[in-house]
Amino acid sequence: MEKYNHQKIEEKWQERWTKEKLYEHKDEPEKKKYYVLDMFPYPSGDGLHMGHTESYTASDIIYRFKKMQGYDVLHPQGFDSFGLPAENYAVKTGIHPEKTTKKNTDNYLRQMKMLGLGHDLKNLIYTSDPSYYKWTQYIFGKFFQNGLVERKMDKINWCPSCQTSIANEQVVDGRCERCKTKIEQKEVLGWFFKITDFAEDLINDLDKLDWPESTKKNQKNWIGRSEGSLLKFPIFNFQFSNDEKIYAGKKNKIGEITVFTTRPDTLFGVTYLVVAPEHSLIENEKIRIKNYDEVEKYVRQAKNKTERERIENKEKTGVELKGIKAINPANGEEVPIFVADYVLGEYGTGAIMAVPAHDNRDYEFAKKFKLKIKKVISGKNISEEIYTGEGKLINSGKFDGMESEKAKKKITEFVGGEITSNYRLRDWSVSRQRYWGCPIPIVYSPEGEAKFVGEENLPWLLPKDVDFTPTGESPLKKSKELKERTEKLFGQNWIPEVDTLDTFVDSSWYFLRYPDTKNEKEFCAPEKLKRWLPVDLYIGGAEHTYLHLLYARFFIKALKKIGLIDFDEPFLKLRHQGMVLDKNGVKMSKSKGNVVNPDEMVSKFGADATRMYMMFAGPLEDDVMWNEEGVKGVYRFLEKVWNLFQNYKLVLNSEEQISKELSFLLNKTIKGVTEDIEELKFNTAISKLMIFINNIKNKKLSKTVIEKFLILLAPFAPHISEELWERMRNKKLIFLEKWPTYDPELIKEETIEMVVQINGKVRDRIEASVNISDEEAKKLAISSEKTQKYISGKKIKKVIFVAGRLVNIVIE
RNA sequence: GCCGCGGUGGUGGAAUUGGUAGACACGAGGGACUUAAAAUCCCUUAGAUGAAAAUCUGUGCGGGUUCAAGUCCCGCUCGCGGCACCA
C-alpha cells in the first residue's frame, strides 16, 4: 500500500491547477454571482502569518464550495503595498521600497500557492502600482470637487529625534517607541475627508448588515451619537475696583460661549463653565483675561501633552479665566469660567457647562477648586453626593417637579437653545509626511490656492528622485522632478502637495477594482460594478472594526452621493477570524520567540492538514491555540481517508447497491456539511466528515458514495481530495464537479429514542415511532417499568410531551 | 472607569437555539500486533459512592423564571480584547 505523501500530492496538484487555469476567473453571466473577499495583506518581510492562513483558508473553503454549487465566484487577492515598514527599511538599508515590496509580495504569492489557496492571480492588485493608485487619486479628485475634502490644522505626534511623525500606537509612555525620545505635539496643515458628514447613515445602515453583533455595536459606539442641546451662555467683562475681589458689576457683554450638553435639564445646577485649552475664547479674550500669563502657561503645557497623557492624568487640573464671567441663561446667575484639559477641543463645542451635583468629573473638579455644588435633580444617591441619573427637577424655578426627560426639551426652549445630535467621530485626517504612499494629487497656485491636478494628469506619479532620510519635512519636498513637473504643467511658482495619503485610503475602495482590474478608462466599468458589488462575504480580523471597515463604508456612501455607484454598503456579510495563539494561549510575537509560520507547518504536515487543523480547532471567530499535538488528529484522519480510498480496485464492490444504513449516513453527512459550511461552522463540518469515515468500516461502498464524500472533503483538503478523485478514474478536476445534494426521504428516521423525565430528570429512554402521538407517548412513558418505580404511589400533576424528543412527568 | 466578548472534562471544543450536557479530536490508562519500540487497531476515560446494578453531583459563583436552564432574567466574580475625562 502506498503511503500518504502530502508533499508529492500537493506539489503535483498545485502545478496542475495552475496549468489548467482553475482559479482564473471567467465571467459566466448565466450563473448567479458570489463575491468572497479576503482582507488583502500588507506584504511584510516576515511573510504570511498564521492569522492570514486561517482567514484565507476560510474564504478559500467558501470559494470552492460556492463554485461547486454552481455560482460564478469572484475570489481575488491583492496587496496593500504602500506603507511604513518598507520605507523604514529603505531608510536603514537604502533599498528602494519598490524592490522590497516586489520581493515580499512574491514571497506571499509563493506561500498562498503552497497553502492551496485558490485566488485568481491574473487579477492581482498592488496599491502601490500606478495603474491602481491612479484611481485612488481619481477618487480623491472626485471627493475634492464635491466638497468632501477639506484642509485644516491637524495635531500630530512628533518625534524630534527621528524627525518624523509617529502614530499613536508607537507612542509608549509619551515617548517614541524606537528612540525613547519625548514626543511633542506639532500642528500641521493637512487634508481631511469629511466622514462626519455621514455619521448618521454610518450608524443607521448598520442595521441592514449581516455582521457580528459585537462589531456593529462597537462601530456604533465609536461613531458615538449623543442627543443633547446647544446652549448659549453670554459672557461679560467685569470692571474691577482697586481690590481684585470687588468688582463694580456687570458691564459690557463681550460675547457668548456655546456649550453642548446631554443634560439641559440640569441647567439650573450649573456653577461654572469649562473651555478646552484649544478654545478660541482664550486667544480672543487675551486682553480681558487678567491672569493671561498663567492661563497661557497652562494652555501651552496642555497642548504639548499627547492625547494619552492628557487623559491618563487622573487628577483634575485647570485655571480660572479671571476678569470674565458667564451668565447662566436660565436664572441669570454669574458663573466663573475655567480652562481645563479634561475638556476636549475636538468634542462638542470644546466647552461645557459644569454641573458638579450631577456629573462625576465636574464634581471632582468642583471639589478640588472649592466651587459651588447645587443640586437640581432629586434622585437616590448611592453613597455619594452626586447623582448622575434622571429624575424630578428641584431648585429650578418654574420647572420644579418636572421629569428630566420633559425638562430637557422645555429648558432648551426656555433659553433659546437648540436640540441636536453630537458625534464622537472625528473627520479623517489623510495627510502623511511620508514617501511610500499615494501622492496627493493637489497643486498650489502661487497665491496658495489648492487645485486638483486633473484627471488628464493621472496617475500623478510618485517621484523617484527622493532621499527618504527623515529631515522633518515630507520627503517629496526634495524631489526636483515633482517640482519641475508641476511648474511645467501649471506654470511658474506653482508648487506640488508633498504629503502622501494615509494607506487606509488605498484600502477603502480596492474591492471595487477587483472585478475590472485591467480597465484603463474607469476604476471599474458600471456593468461590472452592477454585477459584482456589493461583496457577499468579507472575512478578516476584528482589529479592523474601527478604521478600515468604517472608512470603506464611508467611501461607498461618498461615492454614492457623488453618483459614481448605486449601492450604499460595501460588505453585506462580514465574519472575523480569531487570533492564532501558541499552545499555551499566548499571543505569538517575535520577541517571545513563539511564532509559528505556515512554511514550517506545511513542510511538516502538509497544506491539507494545516488548513484542516486551523478550521477544526474551534469556531472561526474564536482564537486558535496552535498545538502540534492537535494537528496530528487531522493528519491521522487524512491518512485514514488515504488508506481507505487510494486504490480504486480495493475500494469498490461490483454491485452499486448500498445499504440503507450507509445511504442514511451519507445523506446526513451531505446535509450537515453543506449547512455547516454555509454558516462558516467549519469545525463541526469537519467533525461530521470524521464521523462518516469512522462509520463506514466493514460497509460495502460504491463509487458514487466515495466520490460524494471526496467532494465534501475537497474544500477543506483540496489536494488529497483531487488526488483520490483522479484515482477513482475521473478525468475532470474535482472542483469542476457539482456539489452533492441529499435526499430528505433517506434521512427520515422511523424510530427515536424517546426520553422519559420525571420532574425534569432523565429516568428512562424508550424506543418509539417518530410519529408517536401525544397520548400514546404519555401512556408509554407512564407504563414503563423504570418510570413506575418513581411514580408509584405519587400523584401525577402534569405530563408534558415534546414531539420527537421527550415526555416529562411532573409529580408532587 | 466605559464598551465588547467570554468562563462547559486533564486539553481544544460540541450541544438541534429552552428539551438526553460533554459530539469530534488531543492527551491519558488498559489490551492486541511486535523480540522490542514506533505506527496501527480495539476498549475505557466528567466527578463521587459502589464488586456490580445503580444512585447522587456537575456547564465560574449566588439568586430567580419554567414542567424543563450551559442556553432566558437579576446580582456578583474572574479572564481576554478594545476605547479612554465624549459633556
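Lettering of chains follows the sequences in order, A, B, ..., and the numbering in each one begins at 1.
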**Fill in**
With syn meaning chi within 90° of zero and anything else anti, the base of B:G31 is anti

**Request:** Using the closest heavy atom to pick a nucleotide of RNA chain B for each, name whichever of A:Asn422 or A:Leu806 lands nearer the 5' end.
**Result:** A:Leu806

**Request:** May I have the distance from A:Asp622 (atom CG) to B:U8 (atom C1'), rounded to whole angstrom?
**Result:** 13 Å

**Message:** Nearest to the side chain of A:Ser226, heavy atoms from C-beta on, is which of B:C83, B:C85, B:A87?
**Reply:** B:A87

**Message:** Please report whether the ring centroid of A:Phe716 lies less than 6.0 Å from that of A:Phe616.
**Reply:** no

**Asked** Any donor-acceptor pair under 3.5 Å linking the side chain of A:Ser404 with the backbone of A:Gly391?
**Response** yes

**Message:** Is it the case that the base of B:C3 and the side chain of A:Asn221 share a donor-acceptor contact (distance under 3.5 Å, atom types as modelled)?
**Reply:** no

**Asked** A:Lys789 has a side chain; which of B:U55, B:C67, B:C83 sits nearest to it?
**Response** B:U55

**Request:** Write down the distance separating the C1' atoms in B:G70 and B:G13, rounded off to the nearest Å.
**Result:** 14 Å

**Considering all heavy atoms, the nearest A:Ser421-A:Glu227 contact** = OG-OE1, 3.0 Å

**Separation of atom CZ in A:Phe682 from atom C1' in B:C24, rounded to whole Å** = 17 Å

**Nearest-Å distance once atom P is located in both B:C33 and B:A38** = 15 Å

**Atom pair distance, as rounded to whole Å: NZ in A:Lys761 and C1' in B:A68** = 12 Å

**Closest to the A:Glu629 side chain, choosing from B:C85, B:A87, B:C26** = B:C26

**Prompt:** Does A:Tyr790 have a side-chain nitrogen or oxygen under 4.0 Å from the phosphate oxygens OP1 or OP2 of B:U55?
**Reply:** yes

**Side chain of A:Pro619 (C-beta onward), nearest among B:G13, B:C85, B:G19** = B:G13

**Request:** Counting heavy atoms from C-beta on, name the nucleotide in B:C67, B:A14, B:G4 closest to the side chain of A:Ser214.
**Result:** B:G4

**N/O donor-acceptor pair, side chain A:Lys316 with base B:C85, under 3.5 angstrom** = yes

**Comparing A:Thr215 and A:Arg763 on RNA chain B - which has the more 5′ nearest nucleotide** = A:Thr215

**Asked** Rounded to the nearest Å, what distance is computed from the CE atom of residue A:Met690 to the C1' atom of nucleotide B:G13?
**Response** 12 Å

**Fill in**
The nucleotide from B:A23, B:G4, B:G13 with an atom nearest the side chain of A:Lys217 is B:G4

**Message:** Show the nearest heavy-atom pair for residues A:Ala326 and A:Leu273, with the distance to one decimal.
**Reply:** CB-CD1, 3.6 Å

**Cation-pi check, A:Lys778 onto A:Phe801 ring (under 6.0 Å, within 45° of axis)** = no

**Item:** Minimum-distance nucleotide to A:Val802 side chain [options: B:G4, B:A14, B:G19]
**Value:** B:G19

**Message:** For A:Tyr342, does the six-membered ring have the charged nitrogen or CZ of A:Arg361 within the cation-pi criterion, i.e. under 6.0 angstrom from the centroid and within 45° of the normal?
**Reply:** no

**Request:** Output yes when at least one side-chain N/O atom of A:Arg361 is less than 4.0 Å from OP1 or OP2 of B:C2, else no.
**Result:** no

**Complete:** Winner on side-chain proximity to A:Gln757, out of B:G27, B:A23, B:G19, is B:G19

**Options B:C3, B:A87, B:A14, nucleotide nearest the side-chain atoms of A:Thr262** = B:A87

**Prompt:** In whole Å, what is the span from the CD atom of A:Glu621 to the P atom of B:G81?
**Reply:** 18 Å

**Prompt:** The side chain of A:Arg636 lies closest to which of these nucleotides: B:C24, B:A15, B:C26?
**Reply:** B:C26

